[in-house]
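The block underneath contains the structure these notes are about, expressed in structure tokens.
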There are 2 protein chains.
Amino acid sequence: MNNYLPTSAKSVGPVGPAGTASSRVFDHLRKDLVGGRFVAGEKLAINALKERYQVGLSPLREALNRLAAYGLLVQENQRGFRVPKLSRDELDDIAQMRLEMEGMALERAIANGDSLWEADLLAAAHRLKRADITLDKGEEWEHLHTQFHRTLVAPCGSVWLLRFIEQLHDQFDRYRRLGPKMPTIRQELDEQHHQLVELALQRDAKAARELMDDHIHKSYEVALKRYQEHM
Amino acid sequence: MNNYLPTSAKSVGPVGPAGTASSRVFDHLRKDLVGGRFVAGEKLAINALKERYQVGLSPLREALNRLAAYGLLVQENQRGFRVPKLSRDELDDIAQMRLEMEGMALERAIANGDSLWEADLLAAAHRLKRADITLDKGEEWEHLHTQFHRTLVAPCGSVWLLRFIEQLHDQFDRYRRLGPKMPTIRQELDEQHHQLVELALQRDAKAARELMDDHIHKSYEVALKRYQEHM
DNA sequence: TTAGACAAGATAATCGATTTTTTAACCTAC
DNA sequence: GTAGGTTAAAAAATCGATTATCTTGTCTAA
């Protein structure tokens, strides 16, 4: 796998003893930014972050620089870092791009994926369902959800497509995770995950893409609602 | 414009006195990496870079962190930074993604672009032609070429699409700029720029996209040849 | 009253030195 | 000879302090 992000950025669980302070704080900040722990538009007080993440200035600044290049922060020369503002236009843009790119990736994955993929996919879907049933809609569910979507498109054959999709997911989740749960739509979305697996296993690319479009569209409606309530 | 990169990263000319050391070295390193001034796979000696760019350790490391998150460097925890390797597979991936994304962007730009865009486009094409005629195939031509392609897709309406295209261009140019000029194909490509402008002004999205596909395909052949000679 | 100048405090950026980790050379035991 | 272990040198990461820049509040002059 051609990988540009530092080791920790791809790691799933917590970074082991080998992780640098810079990477640990990058991971942590990334999660916090995506999870909505900062106010959009807010200026980051570097000294406060030093305390919060128990880290020195140098590794903290390196992490902030990475996050800015990744798109989860805005960097303005001589005036530090801020959390990007949210906007309806951008949400629309992100959702539209997800439609295009994840659709493309899913079609390719269905064409390329081998039986190992099928197994991974079933496993990822199962783990996600367990979390659904136990009503865990916290960090653990978020992680399994990300993991499921990642697995779904993994064998698309394009490192760059996967990279862009990952980035778009992070951006999308800044909107989706603004507010509290919405159980009704949530359940509908959860069911689609299983239908996606079935269609993928049947290698029905067309139907799978249509369902994926619908899935992203429904998620978009959730995100939009939360964005509007949040205003 | 929703902008995540630091001020300097979008600036066209040299950064003014307001630029930070970090941003200056980011710009400079980016140019050098895209222009092939480093050997692919090479490990960067940070102390040597300090000398080369006349900058201290902190701003240099911040620049390297940004470049890694941007995809022009690979960062491995505890063992510094290296220039990403080149591979046939990756070149194919990048070219394929350019086809998809720039095609999409061009169609949208043709649908959205106003008369100011038409003027900008004519201007960008003209400047590029001047550089062609004066046989300047150096940094200046490269800059005008980038600028032309940027202008072409600018009004596509998607900040994220533009961002990804920019990134792919940088990656593609790591291959295209491996070797010396190839005057014959070069001339052919230069002519296509003007045909692209004409089709754009005529709002012929279909023909424009086909020509863009051909343009990228021809560029791909150049890049591939250089990559193979370079091995 | 208000635009502009100024100074003081706060914040960002950078530097030089220190600590930690990796790399490579060498040695020893099998 | 070679695998495994030790250590010295090199490199990466981090820290603490300094310098540069921005921000805010206050004052002055029109």
Side-chain angles (χ1 to χ4, degrees), chain A residues 3-11 14-30 38-39 41-69 72-84, chain B residues 3-11 14-30 38-39 41-69 72-84:
Chain A
N3 185 15
Y4 299 96
L5 287 175
T7 314
S8 70
K10 66 177 170 187
S11 70
V15 158
T20 61
S22 186
S23 288
R24 272 197 312 273
V25 77
F26 172 86
D27 287 345
H28 201 157
L29 257 167
R30 178 183 170 184
F38 292 92
V39 180
E42 161 184 17
K43 170 130 181 251
L44 295 183
I46 298 200
N47 281 328
L49 293 181
K50 251 176 56 177
E51 297 273 308
R52 177 166 178 170
Y53 296 103
Q54 288 296 300
V55 72
L57 191 57
S58 312
L60 175 57
R61 286 189 57 89
E62 292 189 8
L64 294 174
N65 272 277
R66 288 190 215 173
L67 287 162
L72 281 173
L73 287 178
V74 180
Q75 183 170 23
E76 285 165 306
N77 281 336
Q78 244 86 39
R79 48 190 76 174
F81 299 84
R82 26 181 80 254
V83 181
Chain B
N3 184 16
Y4 299 95
L5 285 174
T7 314
S8 70
K10 65 178 170 186
S11 69
V15 158
T20 62
S22 185
S23 288
R24 273 197 310 274
V25 77
F26 174 86
D27 287 345
H28 202 159
L29 257 167
R30 177 183 170 183
F38 293 90
V39 180
E42 158 183 21
K43 169 129 181 256
L44 294 182
I46 298 199
N47 281 328
L49 293 181
K50 252 177 54 176
E51 297 272 309
R52 176 165 178 172
Y53 297 104
Q54 287 296 299
V55 73
L57 191 58
S58 312
L60 175 58
R61 285 190 58 89
E62 291 190 7
L64 294 174
N65 272 278
R66 288 189 215 175
L67 287 162
L72 281 172
L73 286 178
V74 179
Q75 182 171 24
E76 284 164 307
N77 281 337
Q78 245 85 39
R79 48 191 77 175
F81 299 83
R82 26 182 80 254
V83 181

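Letters A, B, ... are given to chains in the order of the sequence lines, protein chains preceding strands, and every chain is numbered from 1. Computation of the quantities below employed the complete heavy-atom set of this structure, encompassing side-chain atoms and omitting hydrogens, waters and symmetry-equivalent molecules. Quantities reported herein were computed from a predicted structural model and do not represent experimental measurements.
A donor-acceptor contact closer than 3.5 angstrom is absent between the side chains of B:Arg61 and A:Ser58.
Here C:dT20 presents its C1' atom at 12 Å from CZ of A:Arg24, a figure rounded to the nearest Å. Across the protein-nucleic acid pair, B:Arg79 atom CZ and C:dT21 atom P stand 13 Å apart, rounded to whole Å. In this structure, the CZ atom of B:Phe81 is 15 Å from the P atom of C:dT22, given to the nearest Å. Remark: P of C:dT21 and CD of B:Gln75 are 17 Å apart, rounded to the nearest angstrom. With rounding to whole Å, A:Asn77 atom CG is found 14 Å from C:dT14 atom C1'.
Considering B:Leu67, B:Asn65, B:Val74 in turn, B:Asn65 is the only one that fulfils the side chain to side chain contact (heavy atoms under 4.5 Å, CB included) rule with B:Phe81.
When all heavy atoms are compared, the tightest approach of B:Val55 to B:Ala21 is CG2-CB, 3.8 Å. A pairwise comparison of heavy atoms in B:Ala63 and B:Ser22 identifies CB-O, 3.7 Å as the closest pair.
Residues A:Ser23 and B:Gln75 fail the side-chain proximity criterion, which asks for heavy atoms closer than 4.5 Å. Residues A:Leu72 and A:Leu29 are not in side-chain contact: their nearest non-hydrogen atoms beyond the backbone lie 4.5 Å or more apart.
Using five terminal pairs a side, the axes of the helix from C:dT1-D:dA30 to C:dC30-D:dG1 at its two ends make an angle of 10°, given in steps of 10 degrees.
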Output a table of donor-acceptor pairs, distance under 3.5 Å, between side-chain atoms of residues 41-52 of chain A and any protein atom two or more places apart or on a different chain; print 'none' if there are none.
{"residue": "A:Glu42", "atom": "OE1", "partner": "A:Val39", "partner atom": "N", "Å": "2.8"}

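Each of D:dT23, C:dT14, D:dT21 was ranked by its minimum atom distance to the side chain of B:Ser22; first place goes to C:dT14. Of the candidate nucleotides C:dA13, D:dT14, D:dA13, C:dA13 has the atom nearest to the side chain of A:Gln78.
Qualifying ring pair (Phe, Tyr, Trp, His ring centres under 6.0 Å) partners for B:Tyr53, counting only residues two or more places apart in sequence or in other chains: B:His28.
Rounding to the nearest 0.5 Å places CZ of B:Arg79 at 12.5 Å from OG1 of A:Thr20.
DNA chain C lies under 4.0 Å from at least one heavy atom of each of the following residues of residues 51-62 of chain A: A:Leu57, A:Arg61. For the segment residues 41-50 of chain A, the set of residues with a heavy atom within less than 4.0 Å of an atom of DNA chain C comprises A:Lys43, A:Leu44, A:Ile46, in numerical order.
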